[in-house]
Amino acid sequence: MADNEQNDPNKIDDETLKTGEATTESKTMQRRQFVTRGIAGIGAGFVGAQLIACSSKEEAAPAAKATPKTSGTKATPAHAPAHAPAHGSVAPGQLDDYYGFWSGGQSGEVRVVGVPSMRELKRIPVFNRDSASGWGRDDYSTKILGGTNSGDTHHVHLSYDGGTYDGRYAYVNDKASARLARLRLDTFECDAIVDLPNAAGTHGIFPQRHKTGLVLCNSEFRLPLPNDGKTDMDDPSKWGAMHTAVDGETMEVKWQVMVEGNMDLCATDYTGLYSFATCYNSEGALNLEGMMAADRDVLYAFNLANIEKAVAAGKTTTVGDSKVPVIDARGENSEFVLRIPVPKSPHGVNMDPTGKYAIVSGKLSPTCSVVDVSKIAAAFSGEIKPRDCVVAEPEVGLGPLHTAFDGRGNAYTSIFIDSVITKWSINKAIAAHNGEKVDPIIEKMDVHYQVGHTNASMSETKDADGKWLIALCKFSKDRFLNVGLLHPENDQLIDISGEKMKLTHDGPTYPEPHDCVIVKRDILKPVQISPRTGPRFDMYEKWAREDGVDLQKDNVVKRKGKNVRVYMTSLAPAFGMQEFKVKAGDTVQVIVSNQDKVEDLSHGFNMTGHDVNYLVNAQGTNSMTFTAGKPGVYWFYCPWFCHALHLEMRGRMIVEA
Ligand code: CUK
Ligand code: CUA
C-alpha cells in the first residue's frame, strides 16, 4: 500500500453502482398550510379569492382543479411540457451554466441543482441527520448540531463581494431551532452552525452585499424577552422579536436589535447601510384574525451604521443569559430602525440589481410596494415621512410573495393565489404612481400551481443576467404520477431571455424547497480532494497529537481506560487494519483517514450491528463514537462502491467479554 497513485480504481463500475447508494434519508414531513386555512375572503383584494391551497371541494373534483385563477386579462398559458425539452437545453454529458442552491425545507438540507437542466446534483445535509454521509451522526457534526434532530431551511444566500457572489460561502437558516448555518463552497459541506439567542422562528436571512460582512437574521415569532418563564408571560403587548447580526467570517453573533413586530423576510442593500425586514404582524396579535387586521403593516429598515456605532460605544443591554449586545428599538422610529408602512401582511422583500429599490410583496394586498432606498436617509432624519419612501405600488395580482429581476429593469413577482408570475416594469410602475397613463404590467404567465418563491439567474446580485427564472410551485396537482398521500412540489423553469416568458421544464422536488439562488458556474471553484482544513480537521489533528499518531499513515489502537481510539487508514480496496479488539461496553471511536488521492474516490466505514455509518472523502478523515456491543465478531465494511474489490474491503472488530 505504498503508492496511492498506482492504485487505480475501476472507475466505470464505480459510477454505475454508486448511483444507487447515494440516497439521502430525509425525515420530517409536514405539509405547509398557506395563509388562512378555513378563512376566506378577508383582506383587501381578497374578496371571493381562494385563500386555501386545496379546499376539500377541489380535492373531490380533480377535473376542475388544474385551472388556476387569473386576475388579469393578460394571462398567457404555460407552454405545454410536451413541447419543451426534457431537461432544459443541456444535452447528456454537457454541463449546466448555473449552480442552483435550493433550500430543502423540512428536510433540513440544502440541494444543489444544475440550471437549466434541473438535474439534482447533490443534497448537502445541514440540520438533518444523514445516514449516507454520516452528517449529524459522525463525531464532528454531532458536536455542531448538538441534540437537535431536525431543521427547516428556507433561505440560502451566498457570501458577497462588491455586490456579487464571491463563491466562498453559502448561509442557510433553520426556522425550527433559530439557527444559522454556513456551507463552504470549496467542499460543498457545512462547516458551522450558530444558535441565535433570544430568537424563535428564524426565517428571513440575508448577507451584506458590499463585502462578506454581517448576515442578518429575522425572528418571525415574537417572544417575551427574556423568555425565562418570569418576564411578560401574560402580556404579549410587551413581546418582541430580534434582528440578529452574525459575522459571516467568524460566525459569531455580533448584536441584536429588538423590535415590537414580527419579522418575516430579510434583505440588505448594496452599500452596507441598511438591512430590511418585512413585518406581517405589526398588530402584535396572537391569532390569525388579529394578524390580518390592519390594512398596513411595515417594512423595518435597520440603520446598520448607527447600530454598529452604538454597539461599539457599549450603548447596549443584554437579554437573559446571552452576552450578545442588544439594542431595544421597540416602539417609535429611532436612529436605529425606521418603520415604512406597506400594505398588507407583506411577505418578500427583494432588492433590485441596481440597488435603488427594495420591492415589498404585499401578500394580502394585490400590490408590490417599491421603496426608494435613496430616500431612507431623509426619512431617518425626519425630513420626509417614512411612507414617502414608497415611490410606486403597482397591482400585480392576488397574493404576491416574492420578486426577482432580469437586470433589464423588469421585476417578476410570484403570485400565489392567482398561480402566475407577473412581469412588470419598475420604471413604468413609478411613472404610473406619478400620474402617467402607463401600464407597468408586461405579462402574466400561468404557473402550475400556487407558486411560493421565484428567483432568477444572478437576480440577487448586481449581475442579474435575465436568462432563467424559477417558479417554486407549492403544489404539483396532477402534473406527475400519483405517489400517494404526499405529492412532490413542482419547480418550473422559465426562459426569460426573450420577449415572452417561456416554460422549459417541470421538475418534481421532495418537500419542501422554499427559496433558491441561481449562480453562474464560473463563480464557484470546488475542490476535488479534501483540503484538510477547517474545524473538522482541527479536531482530528488535535486528537492525533494527543495520541502521538500520524493520521495519514498509522494503523493503531489507543486505549485510555474504557475509551478506545482506533486509527485506521483506507486505500482502495482495503482498510489499513484487518482486525482490532475491544471489550464489551468500551466507548470506541474508529477514525478513518482516506489515503486515496483520486477525485471522488470515497470510502466509508460501516460497523455492522452498531448503527455506525459514515463517509470518508478522498484525503478526508472521519469518525463516529459508539459503544461496543455484546461479545462476538463484528464485520466492518466500506459502504461506498470504490473498487472492483469493494466488497472485499472489510475487517473485523472482536468484542471480548
Ligand atoms: S418563504 Cu419561508 S414560508 Cu415565502 Cu421565503 Cu416559504
Ligand atoms: Cu472503499 Cu468501498
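Order of appearance sets the numbers: ligands from 1, and atoms from 1 within every ligand. Just so you know, these numbers use all the heavy atoms, side chains as well, and skip hydrogens, waters and symmetry mates.
Ser623 and Tyr540 share a side-chain donor-acceptor pair at under 3.5 Å. Of the N and O atoms on the side chains of His154 and His453, not one donor lies less than 3.5 Å from an acceptor on the other residue.
Between Tyr165 and Tyr160, the distance separating the two ring centers is shorter than 6.0 angstrom.
Close contacts of ligand 1 with His347, meaning ligand atoms under 4.0 Å from a residue heavy atom, involve 1 (S), 4 (Cu). With ligand atoms numbered from 1 in the order given, ligand 1 contributes 5 (Cu) to contacts under 4.0 Å with heavy atoms of Leu265.
Rounded to the nearest 10 degrees, the angle SG (Cys642) to atom 1 (Cu) of ligand 2 to SD (Met649) equals 110°.
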(request) Under the salt bridge (Lys or Arg N to Asp or Glu O under 4.0 Å) rule, what do Asp152 and Lys175 come out as? Steps first, then yes or no, please. (result) CA-CA 5 Å; Asp152 186 11; Lys175 177 168 169 173; 5.7 Å; no

(request) Run the numbers on Glu189 and Arg536 for salt bridge (Lys or Arg N to Asp or Glu O under 4.0 Å), then give the verdict. (result) CA-CA 11 Å; Glu189 290 172 328; Arg536 179 191 287 272; 5.3 Å; no

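For His402, the N, O or S atom with the smallest separation from atom 4 (Cu) of ligand 1 is NE2. Counting just the N/O/S atoms of His154, the one with the shortest distance to atom 2 (Cu) of ligand 1 is named ND1. The atom of His603 nearest to atom 1 (Cu) of ligand 2 is ND1, with the search restricted to N, O or S atoms. Among the heteroatoms counted here (N, O or S) of His203, NE2 is the one nearest to atom 2 (Cu) of ligand 1.
Distances from atom 4 (Cu) of ligand 1 show that His453 has no N/O/S atom below 2.8 Å. For atom 1 (Cu) of ligand 2, the set of nearby N, O or S atoms under 2.8 Å includes none belonging to His646.
In this structure, Lys477 satisfies the cation-pi test against Tyr449, with its NZ or CZ atom closer than 6.0 Å to the six-membered ring centre and inside 45 degrees of the ring normal. In this structure, Arg652 forms a cation-pi arrangement with Trp635, its terminal cationic atom sitting closer than 6.0 Å to the ring centre and no more than 45° off the ring axis.
Residue-ligand proximity: Leu401 is placed with every non-hydrogen atom at 4.0 Å or more from ligand 1.
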